[in-house]
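Model, not experiment: these values are computed from the prediction.
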Amino acid sequence: MAIKDLYHEKQLKVLKFAMNNDYFMLINSGAKRTGKTLLNNDLFLYELKRVKKLAKKDGVNKPQYILAGATLGSIWRNVLNELSNKYNIEFKFDKQNRFELFGVLVCCFGHSKINDMGRIRGMTSYGAYINEGSMAHEEVFNEIKSRCSGTGARILVDTNPDHPEHWLKVNYIDKPDAATVTFHYELDDNTFLSDRYRENIKKSTPTGMFYDRDIKGLWVSAEGVVYKDFNKDIHYVNSEKLLERKFVKYFAGVDWGYEHPGSIVVIGQDDQGCFYLLEEHAKQHEEIDYWVSVAKDIKERYGNINFYCDSARPEHVKRFRRERIHALNADKAVLSGIEEVGRLLKKEKLKIVYDKVERFRKEIFMYVWNPNTGEPVKLWDDTLDALRYAIYTQLKPMRRKG
């Protein structure tokens, strides 16, 4: 098997550089599903063998190496499980989350929280592999970097893009030097993906920030309205249209409120895989008794469906459960949830029953990005949050990898 059968052209370019040049930090940055992590996983194995030789010259019998990810679980999913499946490597951990490979002691750490830093301090490492770099806490990232003081130490980083003022971009990617090199990946670089798959991903990725990041691999800001693909002429339907549909599942989303409106939405899924926002209940200055009444009415009409609830008010969730309403804590991931709703809108798989919503009609055009934080502005988001909780949590078991 030729090497071109194992790596696409961009990966081969990076591999050639890594094998023939010295560096301190190599950053693979860009779009999802482009093989950044796959290549870094293989370079990680190469680095361990290189480190062992360098340490032997230093008289160090068991050199240390840092393997860091957002969490220990993500290290296993993104790195170790992939290597185990590919090369049949068995990783045996000790009580300090370390394992030995090729005579090197690999120390695994999470990097997304500041309290991860305490476990890294004081050690001397012959290198590091930082997976999902943009998710790292800056101080933890810097601590890992400072620990890489062994002879010939190198740092591998892979990352998806974030906002353009992210510290990883500003301090490293935008400031390449003799010690730091960055390679940029776009979806089309991965020629091992079929043309059909790549085109389908492009067509189903929401317009704007998500497309620029996920397809083009760019570090861009979010601008304007959140749901750019919403089109009132496409996404609104009237109740009469529902008579043509065969619904196979119903579920609800709940966003608690008082000073700002609370909201419960009901979603129906038809036998064609389309989702319909069937009804909206949005009210300001209402107590939990009111929302229990609304939920019971929904339950009576639709059955014992799931209510995916905002976990910020656990006492309200418990009250629902005492009332025999099937209340579950929603997955509140903001950007991932928005992307899921946006994907359905772009694919025209999410419809809104116009005569059954009121607040949605205002929010959809007034829900905008904060240009400074890259997050949505916390205004005009009540019904849209309930919708996001419902859609994202319901589709979680079916979510694509990568």
Side-chain atoms of residues 289-300: list all donor-acceptor pairs with protein atoms under 3.5 Å, sequence neighbours left out, distances to 0.1 Å.
| residue | atom | partner | partner atom | Å |
| --- | --- | --- | --- | --- |
| D289 | OD1 | R319 | NH1 | 2.9 |
| D289 | OD1 | R319 | NH2 | 3.0 |
| K296 | NZ | E323 | OE1 | 2.8 |
| D297 | OD2 | R301 | NE | 3.1 |
| D297 | OD2 | R301 | NH2 | 3.0 |
| K299 | NZ | R324 | O | 2.5 |

Item to check | Identified ring pair (Phe, Tyr, Trp, His ring centres under 6.0 Å) partner of Y65 from the options F102, Y129, Y126, F44 | outcome: F44
Next on the checklist: Checking the side chain of Q64 only, and the main-chain atoms of M123 only, is there a donor and an acceptor separated by less than 3.5 Å?
Outcome noted: no
Next on the checklist: Any side-chain to backbone donor/acceptor pair from T34 onto N190? Under 3.5 Å, distance only.
Outcome noted: no
Next on the checklist: If we ignore hydrogens and angles and just use 3.5 Å, is the side chain of K36 paired with the main-chain N or O of A31 as donor and acceptor?
Outcome noted: yes
Checklist entry - Are the side chain of T159 and the backbone of S134 linked by a donor-acceptor contact shorter than 3.5 Å? => result yes
Checklist entry - What about the rings of F93 and F99, do their centers lie closer together than 6.0 Å? => result yes
Checklist entry - Could you state the interatomic distance from CG (L345) to CG (L350), rounded to the nearest 0.5 Å? => result 5.0 Å
Next on the checklist: Would you say that more than 12 heavy atoms from the other residues, nucleotides or ligands in this model lie under 6.0 Å from the CE of M25, or not?
Outcome noted: yes
Checklist outcome for this item: In this structure, CG of N160 is separated from CZ of R33 (nearest 0.5 Å) by 9.5 Å
Checklist entry - If you draw a 6.0 Å radius around CD in Q96, do more than 12 non-hydrogen atoms from other residues or ligands fall strictly inside? => result yes
Next on the checklist: Quick test of your reading: applying salt bridge (Lys or Arg N to Asp or Glu O under 4.0 Å), list the pairs with at least one residue in residues 127-145, sequence neighbours left out, ordered by first then second residue.
Outcome noted: E143-R147
Next on the checklist: Between S84 and I89 (side chain of the first, backbone of the second, donor and acceptor by atom type, cut-off under 3.5 Å), is there such a pair?
Outcome noted: yes
Checklist entry - Between D162 and K169, is the closest basic N to carboxylate O distance under 4.0 Å? => result no
Checklist entry - Do the charged groups of K62 and E100 touch, with an N to O distance under 4.0 Å? => result yes
Checklist entry - Hey, does the side chain of D189 reach the backbone of E186 with a donor-acceptor pair shorter than 3.5 angstrom? => result yes
Item to check | Donor-acceptor contact present, side-chain D94 to main-chain R98, <3.5 Å | outcome: yes
Item to check | salt bridge (charged side-chain N to carboxylate O under 4.0 Å, His left out) between D229 and K347, intermediate numbers included | outcome: CA-CA 9 Å; D229 290 307; K347 294 172 67 178; over 6 Å; no
Checklist entry - Between L80 and L67, what is the shortest heavy-atom contact and its length? => result CD2-CD2, 3.9 Å
Checklist outcome for this item: Hits for side chain to side chain contact (heavy atoms under 4.5 Å, CB included) against N231, two or more places apart or cross-chain, chain-then-number order -> D233, I234, H235
Checklist entry - Do you know the tightest heavy-atom contact between R50 and G152? => result NH2-O, 2.7 Å
Checklist entry - Are the side chains of K53 and K56 in touch, meaning some heavy atoms are under 4.5 Å apart? => result no
Item to check | CZ on F275 to CD1 on I391, rounded to 0.5 Å | outcome: 5.5 Å
Checklist entry - Rounded to the nearest 0.5 Å, what separation is found between the CD atom of E280 and the CG atom of L278? => result 12.5 Å
Checklist entry - Donor-acceptor pair, D177 side chain versus T180 backbone, under 3.5 Å? => result yes
Next on the checklist: When you compare the side chain of W369 with that of E223, does any pair of heavy atoms fall below 4.5 Å?
Outcome noted: no
Checklist entry - Near Y302 OH, under 6.0 Å, is it more than 12 heavy atoms from other residues, nucleotides or ligands? => result yes
Item to check | Pair D214-T205, side-chain donor/acceptor within less than 3.5 Å | outcome: no
Checklist entry - After noting the C-alpha distance and the side-chain angles of Y308 and N306, does the key distance pass the side chain to side chain donor-acceptor pair (under 3.5 Å) rule? => result CA-CA 6 Å; Y308 298 116; N306 289 342; 3.0 Å; yes
Checklist entry - Could you walk me through whether E315 and K318 pass the salt bridge (charged side-chain N to carboxylate O under 4.0 Å, His left out) check? => result CA-CA 5 Å; E315 72 276 18; K318 289 179 180 178; over 6 Å; no
Checklist outcome for this item: V334 meets the side chain to side chain contact (heavy atoms under 4.5 Å, CB included) criterion, sequence neighbours left out, with I338, E375, P376, R388
Next on the checklist: Ring centroids only, cut at 6.0 angstrom: are F230 and Y236 within range, meaning strictly under it?
Outcome noted: yes
Item to check | Residues R154, D22: salt bridge by 4.0 Å N-O rule | outcome: yes
Item to check | CA sep, side-chain torsions, deciding dist, call: V106, F91, side-chain contact (heavy atoms from CB on, under 4.5 Å) | outcome: CA-CA 10 Å; V106 180; F91 300 97; over 6 Å; no
Next on the checklist: Main chain of H184, side chain of K10: is a donor-acceptor contact present, judged purely on distance under 3.5 Å?
Outcome noted: yes
Checklist entry - Among side-chain atoms of W219 and S29, is any donor-acceptor pair under 3.5 angstrom? => result yes
Checklist entry - Any side-chain donor paired with an acceptor under 3.5 Å for N41 and Y87? => result no
Checklist entry - Would the number of heavy atoms belonging to other residues, nucleotides or ligands and lying under 6.0 Å from NZ of K86 be above 12? => result yes
Next on the checklist: How about NZ on K113, more than 12 heavy atoms from neighbouring residues, nucleotides or ligands closer than 6.0 Å, or not?
Outcome noted: no
Show the atom names and distances, to 0.1 Å, of all donor-acceptor pairs under 3.5 Å that link a side chain in residues 243-262 to residues at least two apart or in another chain.
| residue | atom | partner | partner atom | Å |
| --- | --- | --- | --- | --- |
| E244 | OE1 | K241 | NZ | 3.4 |
| R245 | NE | D270 | OD2 | 2.9 |
| W256 | NE1 | D310 | O | 2.8 |
| E259 | OE1 | H285 | NE2 | 3.3 |
| H260 | ND1 | D382 | OD1 | 2.7 |

Next on the checklist: Is it true that N28 and Y185 share a donor-acceptor pair across their side chains at a distance under 3.5 Å?
Outcome noted: yes
Item to check | Residue pair L193 / D188, side-chain heavy-atom distance below 4.5 Å | outcome: no
Checklist entry - Atom CG of N81 and atom CD1 of I75: how far apart are they, to the nearest 0.5 Å? => result 13.0 Å
Checklist entry - Is any side-chain heavy atom of Y46 less than 4.5 Å from a side-chain heavy atom of L15? => result no
Checklist entry - Atom CZ of F210 and atom OG of S204: how far apart are they, to the nearest 0.5 Å? => result 13.0 Å
Checklist entry - Any side-chain heavy atom of R198 sitting closer than 4.5 Å to one from D195? => result yes
Item to check | Residues which pass side chain to side chain contact (heavy atoms under 4.5 Å, CB included) with S336, listed by chain and number, not counting sequence neighbours | outcome: A333, Y392
Next on the checklist: Other residues, nucleotides and ligands only: do more than 12 of their heavy atoms fall within 6.0 Å of NZ on K356?
Outcome noted: no
